[in-house]
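As structure tokens, the structure follows; a few thoughts come after it.
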Number of protein chains: 2
Amino acid sequence: MAARLSATALPLDRRLVDEALTLLREEGLESLSLRRIARRAGVSHGAPQRHFDGLAGLLSQVAAHGFGLLSRAVEEGAGRLPPGSDPVARLAAAGRAYVEIAVANPALFALMFRPEDLDMQTPDLARESQAAFEALVRHVRAAQDAGWQAGRDTRLLAGCVWAAVHGLAVLWAQGALSGPVPHASLDDAVATTLELAFGCRHGGSHV
Amino acid sequence: MAARLSATALPLDRRLVDEALTLLREEGLESLSLRRIARRAGVSHGAPQRHFDGLAGLLSQVAAHGFGLLSRAVEEGAGRLPPGSDPVARLAAAGRAYVEIAVANPALFALMFRPEDLDMQTPDLARESQAAFEALVRHVRAAQDAGWQAGRDTRLLAGCVWAAVHGLAVLWAQGALSGPVPHASLDDAVATTLELAFGCRHGGSHV
DNA sequence: TTTTCGGGTTGACAATGTCTACGAATTGGT
DNA sequence: ACCAATTCGTAGACATTGTCAACCCGAAAA
């Protein structure tokens with residue numbers, strides 16, 4: 001029988017995650033339901049249970065995918081500066097990329113940080129989210145080796161850098177800053193946050 | 001008829017918000033439903049509709065209450081240092097109080113920053129959340145007047161300070177840092193974040 | 001006294017997540 | 001080649017949820 005129509009060539013679990021991602025993109029978090037995803041994938045509402053441990057299992061897989069995207073975007077952001085350049089500037093570029101991908105995918109990003117809706121024990125999710133943090137730790141360590149905030153606990157410092165960038169991403173992605181700071185552009189906000197956190201001007205505009 | 005039992009003396013809308021708050025505290029965000037709140041308040045499931053515009057209306061009132069608590073906690077935190085002291089230190093103390101109250105009320109805090117579940121047009125909610133930000137702006141302006149980050153747009157700077165503190169509050173409240181940074185205390189994390197954002201040691205331990 | 005109306009009850013409805021029993025098709029063993 | 005077993009999707013039931021409309025009662029107003 002070889003290949004059927006291209007739309008149904010993928011295994012169902014992959015298709016379900018894909019449909020969840022597009023549904024997330026098109027209609028947002030609140031209209032994401034197990035039955036809707038199944039309907040869009042053309043299967044009955046009971047089918048997903050065969051592949052995931054309930055809704056939380058499916059959403060966890062979607063979130064894992066999101067952490068993979070996040071990791072790649074951050075690495076790609078840092079990689080825009082050559083490997084030999086100022087590690088603090090590379091760290092700032094990584095932070096900028098973090099905010100940008102979060103703002104570009106607000107619903108997925110919101111899901112990724114909703115532990116009530118996820119099962120954090122899911123292997124893929126645990127692995128991807130940990131990998132994302134460990135990549136950040138490496139960048140922070142490189143910056144410390146170059147003298148920035150030397151002597152501080154590296155993992156704690158990485159957690160705090162993460163927090164600063166994450167806070168901006170969350171608030172901007174949900175529009176919480178557009179009211180109180182109406183005239184500011186995302187670029188202004190990112191630049192200011194990075195300068196606050198890293199002590200001096202870094203990172204420039206994107207691209 | 002004067003006063004009935006003290007438990008039923010309050011008007012129903014107040015009682016519903018109170019029950020929602022305790023339910024939020026005792027069982028978390030996911031088990032918060034209109035019908036459960038009504039059951040706990042001893043009324044039928046249709047009663048809340050008479051007082052609030054659906055579930056979003058009730059939750060918005062709860063969130064408004066949360067922003068009131070937040071504002072008071074932050075002001076109280078800054079007020080621990082005498083009005084004449086270093087405005088940057090006062091700003092740091094306010095940030096510390098922000099994180100502490102968020103971590104002490106994780107479910108309420110999560111609800112407050114879930115615009116999908118709220119109606120941000122609700123007058124009380126809009127007023128309280130704006131008031132909280134404006135208080136922060138005043139602290140930032142005082143710090144700028146003392147020379148810290150002088151010349152920067154005050155509201156944008158306030159937004160970025162908020163983001164840094166908020167990110168730590170969010171991540172810590174949902175336990176996202178306990179895995180990656182297992183040995184750190186909340187006090188360490190707050191101190192590091194504040195020192196990162198404000199450039200030098202400030203704030204000390206609470207109380 | 002009669003009317004009006006704020007507030008609470010009741011029942012219905014659609015939608016959701018989960019569970020179970022069922023069926024069909026593919027696979028593996030002999 | 002045949003039978004058994006396992007995989008994978010279906011179909012239905014169930015409890016729960018948010019919302020809506022009709023009803024109802026008691027107090028204030030006319």
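Naming: A, B, ... by sequence-line order, numbering from 1 per chain. What's counted below: heavy atoms across the whole structure, side chains too, no hydrogens, waters or symmetry copies.
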Exercise. Write down the distance between CZ (B:Phe52) and P (D:dT19), rounded to a whole number of angstrom.
Key: 13 Å

Could you give the side-chain donor-acceptor pairs of residues 169-184 of chain B under 3.5 Å, partners two or more places apart or in another chain?
| residue | atom | partner | partner atom | Å |
| --- | --- | --- | --- | --- |
| B:Ser178 | OG | B:Gly175 | O | 2.9 |
| B:His183 | NE2 | A:Asp153 | OD2 | 2.9 |

Quiz item: For A:Met112 and A:Leu118, which heavy atoms make the closest approach, and how far apart are they?
Solution: O-CD1, 3.8 Å

Quiz item: Who passes salt bridge (charged side-chain N to carboxylate O under 4.0 Å, His left out) against B:Arg36, sequence neighbours left out?
Solution: B:Glu27

Quiz item: Are any non-hydrogen side-chain atoms of A:Val17 and A:Ile37 less than 4.5 angstrom apart?
Solution: no

Exercise. Any chance you could list the contact pattern along nucleotides 4-16 of chain C? Use B for base contacts, S for sugar-phosphate-only contacts and - for none, protein heavy atoms under 4.0 Å, 5' to 3'.
Key: ---BBBBBB---S

Quiz item: Could you walk me through whether B:Glu134 and B:Arg155 pass the salt bridge (Lys or Arg N to Asp or Glu O under 4.0 Å) check?
Solution: CA-CA 9 Å; B:Glu134 296 306 325; B:Arg155 300 187 72 83; 2.7 Å; yes

Self-check item: Pairs where residues 50-65 of chain B contributes a residue and the test side chain to side chain donor-acceptor pair (under 3.5 Å) is met, not counting sequence neighbours
Solution: B:Gln61-B:Asp124

Quiz item: Contacts to DNA chain C from residues 112-122 of chain B, heavy-atom cutoff under 4.0 Å, which residues?
Solution: none

Self-check item: Nearest heavy-atom neighbours spanning A:Leu111 and A:Leu29
Solution: N-CD1, 3.9 Å

Quiz prompt | DNA chain C contacts among residues 16-24 of chain B, heavy-atom distance under 4.0 Å | solution = none

Quiz prompt | Nearest atoms (heavy-atom pairs only) where B:Gly77 meets B:Ala97 | solution = CA-CB, 3.9 Å

Exercise. Go through A:Gln149 and B:Leu196 one step at a time and tell me if the side-chain contact (heavy atoms from CB on, under 4.5 Å) criterion holds.
Key: CA-CA 9 Å; A:Gln149 298 283 336; B:Leu196 248 194; 3.9 Å; yes

Exercise. Write down the atom of B:Ala78, the atom of B:Ala94, and the distance for their closest heavy-atom approach.
Key: CB-CB, 4.1 Å

